Amino acid sequence: MSDVHYFRTMPASGPRSYPGRIAIIGDLGLTYNTTSTIDHLMSNHPNLVLLIGDASYANLYLTNGTGADCYSCAFSDTPIHETYQPRWDYWGRFMQPLVSKVPLMMIEGNHEIEEQIEKKTFAAYSARFAFPSEESGSSSTFYYSFNAGGIHFVMLGGYTDYNKSGDQYQWLKKDLAKVDRKVTPWLVATWHPPWYSTYTAHYREAECMRVAMEDLLYKYGVDIVFNGHVHAYERSNRVYNYNLDPCGPVHITIGDGGNQEKMAITHADEPGNCPKPSTTLDKFMGGFCAFNFTSGPASGKFCWDRQPDYSAYRESSFGHGILEVKNETHALWTWYRNQDAYGTTGDVVYIVRQPDRCPVEPDVIN
């Protein structure tokens, strides 16, 4: 039998009730950098952890435990993309000092797909984590929602149907319509592949998801979006449809948890780094929506020729973030680099809600 562990649940929903510190991490893996990330994170004593996809990277290993930074490069002759499930056990034991004390909420990333016989996917992800799917009216582990004090979190799936006719979109529509901003003033959304990343890696890969869902999230006044997938850090200004918008959300890519692939370094707006549109496809996300921009400074082009206006800060370093919601209108976001001393900050900004300027009219639910 294991030791007895205990943790503190989230505060009751209310406009003046918030978790002290919420840690945000993505693309974690099990490496030296992972160890540094978790050590730094634990030193900040979070009350809740959000893992924005890509946990163990078990799918970078053959079933005999042989691994590589690039599966397709090292094991191109395997008849199927293998996966090594004991890697999940190693990862779980490594994470135990944290997750035995602090609640962790997970949403799937591409490394959780782990396609197996009969095209079964996400088996380990769905079995190893707990999801309040039923409690939030979802029929899937790929998308769900929950409250943590005065924050309503919407966890979305980038690797399941996100189109307007699909179950996820219809669920999201109902979920957002039920949110009472007098009870949960803050609305935070997360999913794995980012919509607003300026790195060459995975550039505009999730464009079809953005086209399908951005209007809905904007209508209901989502305040902050957290993503992973791109192995670097980037924070946007408030943005909607690639334009600066005071009522749009702040998008934060935090895929710098410690993965064993490679750090994203180059930016699509740098000379010679703009990818061809045909290379941005992801077979599990489906569709092709990444066309040249039709307006603004990048009109007629696939990439900007300078850092886009919506990109506020970007850096290729491993680390984690801490969100501290102070009240109904102000939240402190801090990004910590692994290479810095404990407590030293890499990026700090107050995110301010303006409900008077950006009112959200509640829908009538029949």
Side-chain angles (χ1 to χ4, degrees), residues 8-24 44-50 52 102-105 107 132 135-137 144-156 172-191 196 213-227 235-240 244-254 310 312-313 320-336 345 347-365:
R8 187 178 296 275
T9 57
M10 292 298 96
S13 298
R16 297 178 182 83
S17 177
Y18 299 98
R21 292 179 174 180
I22 302 170
I24 318 289
N44 281 320
H45 306 291
N47 306 98
L48 172 66
V49 178
L50 300 187
I52 319 298
V102 182
L104 179 143
M105 303 303 287
I107 197 65
E135 294 86 344
S136 59
Y144 61 91
S145 66
F146 66 95
N147 289 347
I151 312 168
H152 185 71
F153 286 98
V154 176
M155 314 288 278
L156 299 177
L172 176 61
K173 203 171 164 184
K174 293 177 182 176
D175 186 82
L176 293 175
K178 294 177 183 176
V179 176
D180 185 349
R181 302 301 279 268
K182 294 179 181 178
V183 178
T184 52
W186 287 86
L187 182 53
V188 177
T190 79
W191 59 89
Y196 291 97
M213 288 187 159
E214 187 174 29
D215 286 350
L216 186 61
L217 298 181
Y218 181 80
K219 172 186 176 182
Y220 285 100
V222 169
D223 299 298
I224 310 172
V225 170
F226 290 110
N227 305 116
R235 172 177 54 82
S236 81
N237 293 304
R238 288 190 174 272
V239 60
Y240 169 65
L244 297 178
D245 190 311
C247 300
V250 173
H251 288 252
I252 296 173
T253 299
I254 189 88
Y310 58 80
Y313 184 89
H320 74 282
I322 295 289
L323 179 67
E324 300 173 75
V325 177
K326 302 297 185 179
N327 53 41
E328 293 133 288
T329 57
H330 287 69
L332 179 64
W333 167 254
T334 308
W335 174 60
Y336 295 88
T345 59
D347 182 34
V348 185
V349 65
Y350 266 101
I351 299 173
V352 181
R353 294 183 62 247
Q354 301 182 78
D356 294 336
R357 185 177 186 181
C358 306
V360 178
E361 296 297 329
D363 284 356
V364 177
I365 306 296

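Note that the structure is a prediction, hence the values are computed from the model and not measured. What's counted below: heavy atoms across the whole structure, side chains too, no hydrogens, waters or symmetry copies.
- Side-chain contact between Val179 and Thr184: present, with at least one pair of heavy atoms (C-beta onward) separated by less than 4.5 Å.
- With hydrogens and angles left out, the side-chain atoms of Asp215 and Tyr240 include a donor and acceptor closer than 3.5 Å.
- In this pair, Phe153 and Phe146 present their aromatic rings parallel. The plane angle is below 30°, not in the 30 to 60° band.
- Lys219 has its side chain out of reach of Leu176: every pair of non-hydrogen atoms, C-beta onward, lies at least 4.5 Å apart.
- Judged as a side chain to side chain donor-acceptor pair (under 3.5 Å), and not counting sequence neighbours, the contacts of His152 are Asn147, Asp175.
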Report task. Apply side-chain contact (heavy atoms from CB on, under 4.5 Å) to the pair Ile107 and Ile52, showing each step before the final yes or no. Result -> CA-CA 6 Å; Ile107 197 65; Ile52 319 298; 4.3 Å; yes

Query raised in the report: Hey, mind stepping through Leu156 and Met213 against side-chain contact (heavy atoms from CB on, under 4.5 Å) and telling me if it holds?
Result: CA-CA 10 Å; Leu156 299 177; Met213 288 187 159; 4.1 Å; yes

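- Between Asp245 and Arg238, every side-chain heavy-atom pair lies at or beyond the 4.5 Å cut-off.
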Report task. Any chance you could lay out the side-chain contact (heavy atoms from CB on, under 4.5 Å) test for Asn47 and Arg8, step after step, and finish with the verdict? Result -> CA-CA 8 Å; Asn47 306 98; Arg8 187 178 296 275; 5.6 Å; no

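- Atom CZ in Arg21 sits 7.5 Å away from atom NE2 in His45 (nearest 0.5 Å).
- Considering only heavy atoms from C-beta on, Thr345 comes within 4.5 Å of Tyr336 through its side chain.
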Query raised in the report: Hey, mind stepping through Glu328 and Tyr18 against side-chain contact (heavy atoms from CB on, under 4.5 Å) and telling me if it holds?
Result: CA-CA 10 Å; Glu328 293 133 288; Tyr18 299 98; 3.9 Å; yes

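- Side-chain contact between Thr9 and Pro103 is absent, with no heavy atoms from C-beta onward closer than 4.5 Å.
- Note that CG of Asp347 and CH2 of Trp333 are 8.5 Å apart. Values are rounded to the nearest 0.5 Å.
- In this structure, Ile224 and Leu323 have side chains that are in contact, with non-hydrogen atoms separated by less than 4.5 Å.
- Interatomic distance, Leu187 CG to Leu217 CG, rounded to the nearest 0.5 Å: 8.0 Å.
- Looking only at side-chain heavy atoms (C-beta outward), Leu48 and Met105 come within less than 4.5 Å of each other.
- Taking Tyr144 as the reference, nothing meets the side chain to side chain donor-acceptor pair (under 3.5 Å) condition, with sequence neighbours excluded.
- With a 4.5 Å cut-off on side-chain heavy atoms, Val225 and Tyr196 do not count as touching.
- Between atom CD1 of residue Ile22 and atom CD1 of residue Ile151 there is a gap of 3.5 Å, rounded to the nearest 0.5 Å.
- For Tyr350, there are no ring-ring contact (aromatic ring centres under 6.0 Å, His included) partners, not counting sequence neighbours.
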